[in-house]
Amino acid sequence: MSKILKGTLLLTAGTFLSKFLGMIYTVPFENMVGEEGTDLFSIAYIPYTILLSLSSMGVPVAVSKFVSKYNSLGDYETGRRMLSAGIKLMAIMGVLAFLFLFFSAERIAMQTFGSNEELVKDGAMVIRMVSFALLVIPPMSITRGFFQGYESMAPTAVSQVVEQIVRIIFLLASVFVIYQMLEGPLPQAIGFATFAAFIGGIASCVVLYRYWRKRKPYLDRQLEEQEYTYGLTTKEMFKELFSYAGPFILVGIATPLYQVVDQFTFYKAMQAAGLSEEAKGAFSAINFLSHKLVMIPVTLGIGLSLALLPAITQSFTKNNMKQLNNQVNQALQIVALLIIPAVVGLSVVAIEAYGTFYGVDKVEFKGNLLRWYAPVGLFLALYTVTSSILQGINRQNFAVISLGTGILLKISLNTWFIMMFGAKGAIIATGVGVAAAVILNLWRIFSAIEFSYKQLYKRTLLVMILTAIMALCVFLVKWLMMLFLNPIENRLDALVVLIFSIGTGGIVYLVLIYKTTLLERLLGGRIRVLDKFLKRT
């Protein structure tokens, strides 16, 4: 198995498990705090995520590219010096970001809720609680980038999972104790739920420190054996790093930027459209609950892009254009193979999925929002992957143009679409914006490396045909089961329909991509484990 594929699978598995846990906890959380609690929780996390990306300045992932470059040139000392200087820089930026978010919390809440003083007060408190995480996560993430530069994905994968587990335990425990046992105020419970991000960050730091202690002897031996160093000054290192880092901010900030447009326009637009009652719970249904479900397939793209970057950087640095083309081709084809069927399948069973995880209250309305949001997941994944490819081939500045175009479209269309289509208008506006950014990124990649897209086109077309067959099977199973089950009114029925529908779809799709040899052509001979199961079918 190729090193890129091993790294992809490991990092994707860790990121997927982390995101899966991040989705699962929303089930008991939403059941405990209801629409009001999830709305309050989601409005705190959007500005926090943006400040987290800005405080990091794209440096953690840029460190991965920086370290990978100098390692490929045999200069390990420069990467070690960058790790030390980067941690100090990120610690300072984290403190500044914390102070900004903490003291601007009330203004952000006012922009979101308008003149409702009680909601503004509660929103400001929750935002202040989540801001503490900015003190630990930016410097911690530098170490992840350093290990990824060595194409070592285990520290990132394990620390992500541990961070998520600790965060979720603290979050659910605090909400249960404060709101359920002591019957305390809901905003206070939500405040401690957001503070869980700080606790999870501390746990991740502990994991990464243990990895560092374990790997340090090997890293020190590399330093002793190296024959040449480029001798960059700290100023020169940061100058090169920031030339990589700027556009990396855009990858991390892209999704929350689309969400913050919703945060500052959604409630006002829904009110102007005469849909104030419908707006309750709709914002968190889109940007928190549905987003969590959609991010499960999107995680595949995120894990791929992070594992892909060091390998693409090395191929580009060594001017190995044939290998570079193969790597880009493989990356985009794997995205098509995995994510297209995932988002289509989720769209078909959207009502059942929403009802299973979050209950059947307003499930037709909220499940329909998930149905519209699911296809956007494909574009979110493609944006992440294509932006990482641009960064690997030194075309990262173009990400500014593509994201700017997407956000401008979102801002221009959001209120108009909400007035026309209701809550799902916000989803349509996001889809248009992200799709435009992806198209621009693909155009730049294809033109920059003289990419031959014939194979990509043919295999993506095959994936779409096989996905259509899978979707038809899922729909038929769902229709047959709905003859004697009612997933709209019964949560258990929704679970049964969901399991059988997606189970059938998954088996059908796996058999199809195996029988057409598509799986083998993309992943090589490492699928022989499936032979004894699928050769008989």
Side-chain angles (χ1 to χ4, degrees), residues 1-2 4-13 15-17 19-20 293-305 307-308 325-350 353 374-375 377-382 384-386 389 438 442 452-478 498-537:
M1 187 181 293
S2 67
I4 178 178
L5 192 54
K6 286 181 179 178
T8 296
L9 293 176
L10 180 59
L11 188 56
T12 300
T15 310
F16 182 87
L17 180 56
K19 296 294 182 183
F20 182 74
L293 292 174
V294 171
M295 283 304 292
I296 296 301
V298 172
T299 296
L300 297 172
I302 294 173
L304 172 64
S305 67
L308 180 72
N325 265 272
N326 289 337
Q327 288 167 341
V328 172
N329 231 319
Q330 184 186 32
L332 295 175
Q333 288 177 37
I334 290 175
V335 170
L337 179 76
L338 299 177
I339 299 184
I340 290 177
V343 299
V344 170
L346 181 58
S347 187
V348 174
V349 296
L378 173 63
F379 298 118
L380 291 172
L382 278 172
T384 304
V385 174
T386 54
I389 293 172
V438 168
L442 288 172
S452 176
Y453 56 84
K454 186 179 293 185
Q455 186 186 75
L456 175 64
Y457 171 76
K458 287 181 178 179
R459 289 185 179 174
T460 302
L461 182 61
L462 177 58
V463 166
M464 293 174 72
I465 293 170
L466 300 182
T467 298
I469 297 171
M470 176 214 70
L472 179 61
C473 294
V474 171
F475 180 80
L476 288 174
V477 170
K478 173 183 166 181
L498 179 66
I499 290 174
F500 279 93
S501 298
I502 63 173
T504 302
I507 293 170
V508 167
Y509 185 70
L510 182 60
V511 170
L512 288 172
I513 61 176
Y514 179 83
K515 291 294 186 181
T516 57
T517 70
L518 180 61
L519 192 61
E520 185 176 1
R521 279 179 279 170
L522 274 181
L523 302 183
R526 299 292 176 172
I527 57 165
R528 294 194 184 98
V529 68
L530 299 175
D531 288 351
K532 55 185 171 183
F533 298 107
L534 297 178
K535 273 188 175 179
R536 299 173 185 171
T537 58

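When a residue number appears, it is its place in the shown sequence, counting from 1.
Minimum heavy-atom separation, Phe379 to Val438: O-CG2, 3.3 Å. What you find for Val294 and Ala374 is that their closest heavy atoms are CG2-CA, 3.8 Å. Between Ser501 and Val349, the shortest heavy-atom contact is CB-CG1, 3.8 Å. Taking both residues in full, the closest heavy atoms of Val474 and Gly505 are given as CG2-CA, 3.5 Å, listed atom of the first, atom of the second, then distance. The two atoms that bring Ala336 and Val463 nearest to each other are O-CG1, 3.3 Å, heavy atoms only. Considering all non-hydrogen atoms of both residues, Ala381 and Ile339 come closest at CB-CD1, 3.3 Å.
Remark: of the listed residues Val508, Ile502, Ile507, Val508 is the sole one forming a side chain to side chain contact (heavy atoms under 4.5 Å, CB included) with Thr504. Of the residues Leu462, Leu337, Ile340, the one that meets the side chain to side chain contact (heavy atoms under 4.5 Å, CB included) test with Thr467 is Ile340.
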Verify side-chain contact (heavy atoms from CB on, under 4.5 Å) between Leu332 and Thr386, making sure each step is shown before the conclusion. CA-CA 8 Å; Leu332 295 175; Thr386 54; 4.2 Å; yes
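Here the CD-CG distance, from Gln455 to Asn326, works out to 8.0 Å after rounding to the nearest 0.5 Å. Separating the CG atom in Leu456 from the CG atom in Leu461 is a distance of 11.0 Å, to the nearest 0.5 Å.
For Ser347 (side chain) and Val343 (main-chain N/O), no donor-acceptor pair under 3.5 Å exists by modelled atom type.
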